[in-house]
Amino acid sequence: MEAKDERMASVTMELEEDIAEVLLTQEAIAARIAEVGAEISRDYAGKELMLVCILKGANLFLADLCRQITVPLSYDFVAVSSYGADTKSSGVVRILKDLDDSVESKHVLVIEDIVDTGLTLRLSYLLENLRSRRAASVKICTLLDKPSRRRVDVPVDYRGFMVEDQFVVGYGMDYQGRYRNLPFVGLLKPEIYGGG
Ligand code: IMP
Ligand code: MG
């Protein structure tokens, strides 16, 4: 319990109470993002890189990752929705916000918080869409990968961490709109899901 309390030191009491376990500490996330950023910097040297962040969950990952990439880049945002208030994917994907900028001849790296069933990326036709807008290349970078839950094939090119088949919150990821501001990735206490 002592170690757990320490890891949660920067979090408000109110949110802390709902967390059962810390899976990835703030420090572990930062260290891994530095590695992934270095890898991307090597791979995209001399190329025009554009990060396309999928809102809302991936925005904290984008913010930290882009500062670990040392090649020139631009970024833009899309919003797609596959989840309602539940923790299971509905399979219904709406495009809520499109890109502001052209991707033509740019090397696009799609930034995701977590690839779970893969349906968000597949049913939104985001990758096909970016290719049809003549991006020079389209790849995927996700902070978390839950391969055990995959229902459709999604090519993950860069991944921060593999996670088990568990619903996680924090570091941008939510349950019913909450917990995004936790600086770590963790599991909620089972009773939190009780009402929802
Ligand atoms: P997919 O369409 O099933 O691959 O899910 C992709 C999206 O669902 C992610 O970008 C998240 O927004 C959300 N999601 C999937 N698993 C989790 C989770 O464990 N916690 C929070 N959000 C999740
Ligand atoms: Mg998401």
Side-chain angles (χ1 to χ4, degrees), residues 11 15-16 18-26 28-29 32-33 36 51-66 75-99 108-130 138-196:
V11 186
L15 283 177
E16 248 179 78
D18 296 351
I19 299 300
E21 193 188 329
V22 176
L23 289 183
L24 302 169
T25 63
Q26 194 171 355
I29 294 168
R32 181 63 188 133
I33 289 176
V36 174
L51 307 179
V52 171
C53 172
I54 304 188
L55 293 171
K56 302 172 187 166
N59 76 321
L60 299 188
F61 180 38
L62 169 77
D64 287 340
L65 178 66
C66 76
Y75 58 70
D76 201 352
F77 299 90
V78 292
V80 295
S81 170
S82 68
Y83 281 75
D86 209 342
T87 57
K88 296 264 186 284
S89 179
S90 65
V92 178
V93 178
R94 291 179 298 149
I95 293 197
L96 306 172
K97 186 214 167 292
D98 201 353
L99 296 168
V108 173
L109 188 55
V110 174
I111 308 297
E112 253 291 31
D113 50 359
I114 179 164
V115 179
D116 185 32
T117 62
L119 289 169
T120 300
L121 285 169
R122 184 55 60 227
L123 298 180
S124 67
Y125 293 99
L126 182 67
L127 308 177
E128 293 83 349
N129 190 305
L130 291 165
V138 182
K139 290 193 172 181
I140 298 173
C141 174
T142 186
L143 177 69
L144 305 182
D145 191 0
K146 248 195 245 180
S148 61
R149 295 243 316 152
R150 203 75 95 248
R151 287 174 57 189
V152 291
D153 190 41
V154 167
V156 172
D157 301 286
Y158 301 92
R159 87 166 53 74
F161 303 90
M162 297 275 202
V163 287
E164 303 293 312
D165 182 6
Q166 290 169 307
F167 192 81
V168 299
V169 295
Y171 197 73
M173 285 163 284
D174 73 307
Y175 173 63
Q176 299 192 338
R178 300 181 64 197
Y179 307 105
R180 293 191 197 275
N181 58 323
L182 289 170
F184 54 80
V185 171
L187 301 179
L188 288 172
K189 290 177 180 169
E191 60 262 33
I192 306 297
Y193 302 115

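Every value quoted in this text rests on a predicted model; they were computed, and no experiment measured them. Atoms within a ligand are numbered from 1 in the order they appear, just like the ligands themselves.
Under a 4.0 angstrom heavy-atom cut-off, Arg149 registers as lying outside contact with ligand 1. Contact between Gly118 and ligand 1 is present, with at least one heavy atom of the residue lying under 4.0 Å from the ligand. Using a 4.0 angstrom heavy-atom cutoff, Gln166 counts as in contact with ligand 1.
Between Leu121 and ligand 1, a contact under 3.5 Å exists for no N or O pair.
For the side-chain contact (heavy atoms from CB on, under 4.5 Å) test with Ile54, the passing option among Asn59, Asp113, Leu126 is Leu126; the others fail. With Arg150 as reference, Val115 is the one residue of Asp116, Leu119, Val115, Thr117 to meet the side-chain contact (heavy atoms from CB on, under 4.5 Å) rule.
Leu24 has its side chain within reach of Leu144: a pair of non-hydrogen atoms, C-beta onward, lies under 4.5 Å apart.
Within the set Asp113, Val93, Val163, Asp145, the minimum heavy-atom distance to atom 12 (O) of ligand 1 is found for Asp113. Considering each of Ile114, Leu188, Leu144, the one bringing a non-hydrogen atom nearest atom 11 (C) of ligand 1 is Ile114.
Atom CD of Glu164 is surrounded by 12 or fewer heavy atoms from other residues, nucleotides or ligands within 6.0 Å. The neighbour count for Tyr75 OH, taken as heavy atoms of other residues, nucleotides or ligands under 6.0 Å away, does not exceed 12.
Taking every heavy atom of both residues into account, Ile192 and Tyr175 meet most closely at O-CE2, 3.9 Å.
Residues in residues 167-186 take part in these salt bridge (Lys or Arg N to Asp or Glu O under 4.0 Å) pairs, two or more places apart or across chains: Asp174-Arg180.
Below 4.0 Å from some heavy atom of Thr120 lie the following atoms of ligand 1, by number and element: 1 (P), 2 (O), 5 (O), 6 (C), 7 (C). Remark: ligand 1 atoms within the under-4.0 Å shell around heavy atoms of Glu112 are 10 (O). Interface of Thr117 with ligand 1, defined as ligand atoms under 4.0 Å from a residue heavy atom, comprises 1 (P), 2 (O), 3 (O), 4 (O). Annotation for ligand 1: atoms under 4.0 Å from non-hydrogen atoms of Asp116 are 1 (P), 3 (O), 4 (O), 5 (O), 15 (C), 16 (N).
Both the backbone and the side chain of Val168 come within 4.0 Å of ligand 1, judged by heavy-atom distances. Only the backbone of Asp174 comes within 4.0 Å of ligand 1, counting heavy atoms alone; no side-chain atom from C-beta on gets that close.
Taking Asp76 as the reference, nothing meets the side chain to side chain donor-acceptor pair (under 3.5 Å) condition, with sequence neighbours excluded.
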